[in-house]
Amino acid sequence: MNEPLIEVRDVWVTMRGHTVLEGVNLSIYPDDFYAIIGPNGGGKTTLLRVILGLLRPCSGEVRFSSGMGTGRESEIGYVPQFRTFDFDYPITVRDMVLSGRLGRINRLPRRYGNLDRERADEALDTMGISDLADRQIRDLSGGEQQRAIIARALVGEPKVLLLDEPTVYVDTPTTLQFYEILDRLRERMAIVLVTHDIGVIPDRITRVACLNRRLYTHDSNEITPDMLEAAYHCPVDLIAHGVPHRVLSDHPEEGREDA
Amino acid sequence: MLEVLGFEFFKNALLAGVLASIACGIIGTYVVVRRMVSVSGGISHAAFGGVGLGYYLGIDPLLGATVFTVATALGMGALEVRGRQQMDTIIGAVWAAGMALGILFVYLTPGFAPDLFSYLFGNILLVPRGDILLMGVLVAIIVGIVGLFYLEFQAVTFDPDYARVMNLPVERFSLLLLVLVALTVVMLIRVVGIILVIALLTIPAAISRIYTGRLWSMMLLAVVLGALFTVIGIGLSYVLNVPSGATIILVSTAAYAVALGIRGGRSVRLWRYTQNGG
């Protein structure tokens, strides 16, 4: 189990003359619940797109372990940043979730079988949206849409689940529910969570890294002021709000109280 | 008025209208949900270059249009894959270049281009039997391909990034879809002409979108609406003795305006209802 599922090796990405990722190294292990934090524009989405194969790095490589099936079946589930696709598209929640099974079907033409439908029902159930299955995605609330997107990522039974800012459009109670669900999913897959909001990191993460062009890692689940300062290039107020558990280590100075 | 149904040309016109409606209901649905309206406009206007080339080479202008539109579709698809920053500018250039090439070819062709006007504005009442056969084959190809790859097309048009993550051949399906758009455009040239193609391709699907919630039901309703508009348009144009292509388009746009009006009125009423405390 000590072999990493995904290994990002010295990845550099330059876009329109700007260096977005600078020598990033990252290993994702089967039992990881990895949080990658960093400011907006720090390259978080770019890193995910490199891992997903949606973007070719200028140099460096992404390696997958043999268990990750580099062939035609995808072992990665992806929850993109909200609203990267058209929510006006005429599709029901069930059909959208089912579409996540297409990566598991290799015979042509692709058709859903009983197993695919069962997995879709399970994923809808896991996310608590079974009763919305036949509604159109445009008729759902923001939080319900986000559950549907996560259900689509789960239905393919991935070994790694990548989540890009999954809580941006969601209120705090719903966010806490999300993290409870993620805690349960940890037994089945490695989870990589990317967010700019250091206040909402759940308590059961195993490792944290800060990304701002470079990736600053720390082999524990605590964010140190040094990491944040390196990543954000300025002192950051370490004030956790709306979470039951502080992942931030003690701050050397008095934090401002007016957050 | 009903005795006109006995005429061969009128039966051909109705048949051509229905065949074209099947193609544009199915493909137009993808054009609307994937927001490919301007790409389709570029492809259809590039067809004029092919019509002109057909005249110049002395072959069937529709054959020239087929080659030209498919080549344009593949070219635009290849550009889109590389990055879509300036896509709308490129579409505008292709749009104009296609028309300009057509004008140049027609000018260079010795003699008079007999029914150039009918390629620009359509004349469904003059569709020959052979073209109907060609349209039937194209419809069969379109229905067959979409029927086979319905799920793949749905995934690729809904969320291409996620389709790529699942290792679906997204580029190939996008190109295939553009080629189907090109073939549909060629079919519609006979019915409404190059200039008006884009309306018949998008309006039935856009109206259908208001009333349906699934891709396949949107296609079905769009086919029915398209057939309805063409048949009504052909009938009206015969009775009023006005050009058929323009009549079909005006019937369609009027229906679209009514559908939008009804939807708008409904949402205003619903809003007032909720404002009054339900």
Side-chain angles (χ1 to χ4, degrees), chain A residues 15-16 45 48-49 51-55 69-81 83-106 108-112 116 134-139 148-149 152-153 155-156 158 160-162 164, chain B residues 25-26 28-37 81-83 85-86 143-173 176 205-222 263 267 270:
Chain A
M15 285 196 284
R16 283 178 231 104
T45 299
L48 286 191
R49 290 179 69 83
I51 293 174
L52 288 163
L54 295 174
L55 188 71
T70 43
R72 295 175 63 184
E73 286 198 5
S74 172
E75 299 288 351
I76 302 182
Y78 175 42
V79 177
Q81 205 164 341
R83 308 214 184 281
T84 51
F85 54 82
D86 187 3
F87 274 100
D88 223 17
Y89 195 96
I91 191 168
T92 61
V93 174
R94 187 191 305 279
D95 282 344
M96 176 189 168
V97 172
L98 261 173
S99 76
R101 289 294 295 182
L102 288 176
R104 291 260 169 228
I105 305 172
N106 285 328
L108 287 175
R110 292 175 179 81
R111 293 286 181 269
Y112 300 131
D116 301 313
D134 294 314
R135 293 259 287 275
Q136 280 198 66
I137 52 163
R138 69 171 170 187
D139 295 333
I149 295 169
R152 178 183 65 174
V155 78
V160 179
L161 178 63
L162 305 180
D164 192 357
Chain B
I26 294 172
T29 292
Y30 289 121
V31 169
V32 168
V33 298
R34 187 74 192 112
R35 298 177 196 266
M36 308 193 301
V37 176
V81 169
R82 291 186 188 185
Q85 286 102 337
Q86 293 165 333
V143 171
I145 290 178
V146 170
L148 271 181
F149 298 116
Y150 178 82
L151 291 178
E152 285 88 344
F153 278 129
Q154 178 176 271
V156 167
T157 55
F158 174 57
D159 191 348
D161 272 6
Y162 204 81
R164 215 166 275 135
V165 169
M166 293 191 294
N167 289 333
L168 294 183
V170 175
E171 270 79 38
R172 250 179 277 171
F173 278 111
L176 182 57
I207 298 175
S208 176
R209 175 71 193 99
I210 299 173
Y211 301 103
T212 53
R214 287 172 170 84
L215 213 49
W216 59 266
S217 57
M218 183 171 162
M219 287 173 179
L220 274 183
L221 183 59
R263 187 181 65 164
S267 51
L270 191 68

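What you see below is based on every heavy atom in this structure, not just the backbone, and it leaves out hydrogens, waters and symmetry mates. Every chain is numbered from 1 and lettered A, B, ... according to where its sequence line falls, protein lines coming before strand lines.
Contacts of D139(A) with chain B are absent, with no heavy-atom separation under 4.5 Å from either backbone or side chain. Only the side chain of Y162(B) comes within contact range of chain A, judged by heavy atoms closer than 4.5 Å. Residue R111(A) touches chain B through both its backbone and its side chain, counting heavy-atom pairs closer than 4.5 Å. For chain A, the nearby part of T212(B) is the backbone; its heavy atoms alone come within less than 4.5 Å.
Between chain A and the options L148(B), L151(B), T29(B), the largest number of non-hydrogen pairs under 4.5 Å is found for L151(B). Interface check for chain B: of the options I137(A), L52(A), D88(A), the most heavy-atom pairs under 4.5 Å are formed by D88(A). Interface check for chain A: of the options R209(B), Q154(B), R35(B), E152(B), the most heavy-atom pairs under 4.5 Å are formed by R209(B). Contact count against chain B (heavy-atom pairs under 4.5 Å) is highest for A153(A) among G77(A), G156(A), A153(A), P158(A).
Judged as a side chain to side chain donor-acceptor pair (under 3.5 Å), and not counting sequence neighbours, the contacts of R152(A) are D159(B).
Side-chain contact between V33(B) and D86(A) is absent, with no heavy atoms from C-beta onward closer than 4.5 Å. Side-chain atoms of V79(A) and D164(A), non-hydrogen and from C-beta on, never get closer than 4.5 Å to each other. Under the 4.5 Å side-chain criterion, counting only non-hydrogen atoms from C-beta, F149(B) is not in contact with R110(A). Looking at E171(B) and R164(B), their side chains come closer than 4.5 Å, going by heavy atoms from C-beta outward.
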Side-chain donor-acceptor pairs under 3.5 Å in residues 93-100 of chain A, sequence neighbours left out?
| unit_1 | atom_1 | unit_2 | atom_2 | d |
| --- | --- | --- | --- | --- |
| R94(A) | NH1 | D121(A) | OD1 | 3.0 |
| D95(A) | OD2 | T92(A) | OG1 | 3.4 |
| S99(A) | OG | M96(A) | O | 2.6 |

